[in-house]
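For clarity, every value in this text was computed on a predicted model and none was experimentally measured. Proteins get letters first, then strands, A, B, ... in listed order; numbering begins at 1 in each.
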Number of protein chains: 2
Amino acid sequence: MQLTNSQEEYLKTIYLLEKNKQKVRVTDIAQKMNITKPSVNKALRILKDLKLINYEVYGNIELTKEGRQNAKEIIKKQDTLEIFLIGILEIEKKQAEEEAKAIKHAMSKESIEKLDNYITKILDLGDLKCGYDVNNEKCRSCIKITARERLKKAKDSEIKI
Amino acid sequence: MQLTNSQEEYLKTIYLLEKNKQKVRVTDIAQKMNITKPSVNKALRILKDLKLINYEVYGNIELTKEGRQNAKEIIKKQDTLEIFLIGILEIEKKQAEEEAKAIKHAMSKESIEKLDNYITKILDLGDLKCGYDVNNEKCRSCIKITARERLKKAKDSEIKI
DNA sequence: TTAAAATGTTAGCGAAGGCTAACAAAAAAT
DNA sequence: ATTTTTTGTTAGCCTTCGCTAACATTTTAA
């Protein structure tokens, strides 16, 4: 079953809330996603039908095994994209997060896997700042400003929610 | 004015049809986008209101200056993404095109610009197949399988529509 | 333990962007 | 110059996913 972008956002949000709280509430989800409670309510009923969450009227909200599986994959996609946008393309953090969030639904698991591998390779390689000529001796020594460092910097400036 | 993904698809399609034909017709657009004529008709009325196309009932369809400007930017986005997905990540052509099409709306002009610059840099650098260690002598000589070559290959297999 | 506050639900609306059915106009063919 | 075919339009429906207004339930506090 192919989920919509909106549904993926719900799963992601519920997953992240579950990690911080014992009970996930409609209000929490609404707040985090910046939408209204009725919108959340409607979505939850659908996710329940899809067997991605357990949920009863006025009852608890929790991901099913399948829902959690989905959520993890979605989060992995977004994280990978953020790392690429921030660490490799040097896009400003907030902008990168926004774009990663919007892009992730469009990318297959396989493509994300390839991107992830590519990032690893590039991070190992370091960021060649000298004019990008591997035949040039200077390249060997310009690996000091790495994408890894940029990522660390972006991470440090993070605000805990 | 921020266009929707759907509206961008229409502009892109009209632009590409204009390049091949003297007159762009509702039927052409519907066929190319794989949707019905009434859907096209409705969209055209909106694009006209947005001053992105000139269009009268039973009349000609043509991009305005602003519409063409938008179309070019949209196509550039998709092309850049395709080059990255095919040439760098080595994603299979059809899959890459599909994903690029879906991703492009989410990416800003600036981010695409950065991606474009990055691709240029990597293409110049060549594709390091030897284990990705610039300190390794082998890296210097393994630039024979470049992303550029992969792109050429993908392009050669293209079917003219 | 009952009143107030917080939380959750239901009903129904609206925009986007597809669709079908039915009809109108234009172009092509006889 | 009619008829047929192709093309274009209109009307109205459906789904997704937001929203507000109104109400129900639960929790908290007096």
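When distances run from any side-chain atom of A/Thr36 to the nucleotides D/dG8, C/dT9, D/dC19, the shortest one goes to D/dC19. Residue B/Tyr55 places its side chain closer to D/dG8 than to any other of D/dG8, C/dG8, C/dT9. Of the candidates C/dA21, C/dG8, D/dC19, D/dC19 carries the atom nearest the A/Lys42 side chain, counting heavy atoms from C-beta on.
Contact annotation: B/Thr4 reaches the phosphate of C/dG17 (side-chain N/O to OP1 or OP2, under 4.0 Å). At D/dG8, one or more side-chain N or O atoms of B/Thr27 fall inside 4.0 Å of OP1 or OP2 (strictly under the cut-off).
Residue B/Val57 is classed as a sugar-phosphate contact, given heavy-atom separations below 4.0 Å to backbone atoms only. When heavy atoms are screened at a 4.0 angstrom cut-off, A/Ser39 is found touching base atoms of the nucleic acid.
For NZ of B/Lys114, the number of neighbouring non-hydrogen atoms (other residues, nucleotides, ligands) closer than 6.0 Å is greater than 12. Heavy-atom contacts from other residues, nucleotides or ligands closer than 6.0 Å to CD of B/Gln31 number 12 or fewer.
Nucleotide D/dT9 holds its P atom 14 Å from the CD1 atom of B/Ile46, rounded to whole Å. Rounded to whole Å, atom P of C/dC23 lies 17 Å from atom CG of B/Asn41. Going from atom CG of A/Leu50 over to atom P of D/dT15 covers 15 Å, rounded to whole Å. Look at OH on A/Tyr58: it is 10 Å from P on C/dG8, rounded to the nearest Å. When rounded to the nearest whole Å, the span between CD of B/Gln7 and P of C/dA16 equals 8 Å.
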Self-check item: Derivation of the salt bridge (Lys or Arg N to Asp or Glu O under 4.0 Å) call for B/Lys76 and B/Glu113
Solution: CA-CA 10 Å; B/Lys76 193 225 161 117; B/Glu113 208 59 56; 3.5 Å; yes
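Ring centroids of A/Tyr10 and A/Tyr15 are separated by 6.0 Å or more, keeping the two rings apart.
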